[in-house]
Number of protein chains: 2
Amino acid sequence: MTGATDITASDQTRARLLDAARGVFAQHGFQGATIREICRRAEANVAAVNYHFGSKDGLLAEALNFAPLKALQQANARAGDCPELRLRLFIRDFMLMLLDENNASTQCRIMARELADPTPALDQIVREAIAPLHEFLGELVREIAEKKTGEAELRRCVLSIFGQCLFYRHSHPVLQRLHPEMRYDDREIEAIARHIAEFSLAGIRHSAGAAR
Amino acid sequence: MTGATDITASDQTRARLLDAARGVFAQHGFQGATIREICRRAEANVAAVNYHFGSKDGLLAEALNFAPLKALQQANARAGDCPELRLRLFIRDFMLMLLDENNASTQCRIMARELADPTPALDQIVREAIAPLHEFLGELVREIAEKKTGEAELRRCVLSIFGQCLFYRHSHPVLQRLHPEMRYDDREIEAIARHIAEFSLAGIRHSAGAAR
DNA sequence: AAGCGTATCAAACACCTGTTTGAAATACAA
DNA sequence: TTGTATTTCAAACAGGTGTTTGATACGCTT
C-alpha cells in the first residue's frame, strides 16, 4: 500500500539531512557550512542534498522552522494581563532559546547567524519571523509605556531589548575570551535574562516618563 | 640618500593595499573578503599581498588599527568629571564610529564583523581593543552606580550597553528590511545615541537602587 | 653604463566549493 | 519474476580560493 504517511528510506535520509543541516548551519553559518560536512554528519552522499533539496539554498529554506518562535509568542500571550511580567517571561524564554545548549531548537541560532550577512533566505526570515517578533514586542512595550512614548522612541526600545539579548549569542566568541570562567548554564541564563528584563523595564519607564 | 623616512614605490603599494583591505574587510568580513578584490581595488597584482604581508592573515593583522578607539577613550577621560555626561558622550562618539558612512575609521566596523566568527586575529583584537574598552566602560558605570552594584551585575550593565550599540551595526541588513525608510544620517545617529544613553542610564540607576 | 637587490607581473599550483553525471543498487507494482 | 521508477553512489566538473613561481622591469648605488 502507498499511503501518504509512509516513512520511506528516502524520507529518512531527508530527515537526517535536515537535522544535520540545522546543526551545521547553527554552528558555522550558511556561508561557512559545507555540503560535504552536512552529508558526512547525515551519513549520506554529497549528491543527496541536491537530489532532495535542489541546492544548498533549498536546504536552508527547508531547514528553517519558525514554529518555536511562534509558540513562544502564543504562550506569552496566554501568560496573563500584566505586561511587565510578560516581558520578563518573554526575555527568559527567548534567552533560553538562544543560549541553552540543551535546547533542541537550533532555529533561533541559525537565524541569529544570518542577521549579519544576508543570505537568499533573509527576506523570508525577516518577513515570517523577525517582523512579527518585533511587532509583538512593540505591543508589549507600548502597554508598559502606557502610550506615553512616541513611535520612533518605542521602536528604539524594542531594538534595545533585542540588541541586549542577541549580543550574548552573537558575541559569544568574544565573551568567552573576556570572561573565560563564565558558562551558559541554566542559572547563568536566568540571571542574564533577569538583568536584561529589569534593565529594560527601567529604560522603558524612563522613556515614558520623559514625555515628549 | 637612504633616509628611514623615504617613501618608496613599494611603500605606496603597501599603503594602497592596506587601504583597500580595510574597505573590503569592513564590507565583507575576513572570510568573505578575497585577495583578488583587494588587489583589484589597490590596482596591484594578486601576488602583492603575499609579497608584502606574507599572507591574508598578515594583511589583516597590519590592517587593524586600534588608535581611533584609544583616542576615543582618552578624549572621553578628559571630558570632565560628570560620569553621566561622559557616558552620553562616549555612546555618541562610539555610534558615530560604528554607523557614520563618512567616518574614515573603518576600524570599528572591521572588528565588529569579527565578533561573530573568530579569525586568527580575534585574540589580538580582544586583548588590545575590546578588553580595555570594557574595562573603561566598567569604570564609568561603576561611578554612575556609586558602588551600589555587585561586580557581576555591573558587568552585565556594560554588556547591555555594548549590545545595544553593536546591534545597529551588526543587524543592519535586517533593520534595513524592517524599516526601509530609516537612514543612518547624522540626525538619526544622534537620536539613536541619545536613546541608548538615556535607556542605559535608567537601567544602571535601577540596578544601583535595587541594592543586593 | 654596469651591477645588484627589490618589486611587479602573468601564470600556474593545490585545494576547496556547490553541482552534475551516469551507472549501480534498491524499492515497488504488475 | 520481471519491469519500472526511485534512490544512492563514486567520480568528475566548473569555478573560486590563498599561495607560489620564475621571469621581467624597476630603482639605486657604484
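What you see is a predicted model, and the numbers here were worked out from it, not measured in a lab.
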Under 4.0 Å: is that the gap between some side-chain N or O of B:His52 and OP1 or OP2 of C:dT6? no

Both A:Gly32 and A:Gly54 contact DNA chain C. Which one's nearest nucleotide lies toward the 5' end? A:Gly32

A:Asn50 has an atom CG; how far is it from atom P of D:dT7, in whole Å? 15 Å

Look at the side chain of B:Asn45 and the base of C:dA7, then say whether one donor and one acceptor between them are separated by less than 3.5 Å. no

Which heavy-atom pair separates B:Ala33 from B:Lys56 by the least distance, and what is that distance? O-NZ, 2.8 Å

A:Phe162 pairs by ring-ring contact (aromatic ring centres under 6.0 Å, His included) with which of A:Tyr168, A:Phe136, A:Phe94? A:Phe94

Expressed in angstrom and rounded to an integer, what is the separation of A:Ile38 atom CD1 from C:dT19 atom C1'? 14 Å

Residue A:Lys56, side-chain atoms from C-beta onward, closest of D:dA11, D:dT17, C:dG18: C:dG18

Nucleotide C:dG18, atom P - distance to CG of A:Asp57 in whole Å: 11 Å

Can you figure out which of D:dT6, C:dT19, D:dT17 approaches the side chain of A:Tyr51 most closely? D:dT6

Distance check: side-chain N/O of A:Thr13 vs OP1/OP2 of D:dT8, anything under 4.0 Å? yes

Under the criterion side-chain hydrogen bond (donor to acceptor under 3.5 Å, both in side chains), I'd like the reasoning laid out for A:Ser207 against B:Glu198: C-alpha separation, chi angles, the key distance, then a yes or no. CA-CA 8 Å; A:Ser207 286; B:Glu198 295 308 317; over 6 Å; no

B:Thr34 side chain: which of D:dC9, D:dT17, C:dC9 is closest? D:dT17

Among C:dT17, C:dT20, C:dT19, which is the nearest nucleotide to the side chain of A:Ser55? C:dT19

Which heavy atom in B:Ser160 sits nearest to a heavy atom in A:His195, and how many Å separate them? OG-NE2, 2.7 Å

Could you state the CG-P distance from B:Leu17 to C:dT8, rounded to the nearest angstrom? 9 Å

Using whole Å, report how far CD of B:Gln12 lies from C1' of C:dT8. 14 Å

Calculate the interatomic distance between B:Glu43 atom CD and C:dA10 atom C1'; express it in whole Å. 17 Å

Test of ring centre spacing under 6.0 Å for A:His170 and B:Phe167: no

Considering only side-chain heavy atoms of A:Ile35, which listed nucleotide, D:dT6, C:dT19, C:dA7, is closest? C:dT19

Base D:dG18 to side chain B:Arg36, donor-acceptor N/O within 3.5 Å cut-off: yes

What is the distance, rounded to the nearest whole Å, between atom CD of B:Gln31 and atom C1' of D:dG16? 15 Å

B:Phe53 atom CZ is separated from D:dT19 atom P, nearest whole Å, by 13 Å

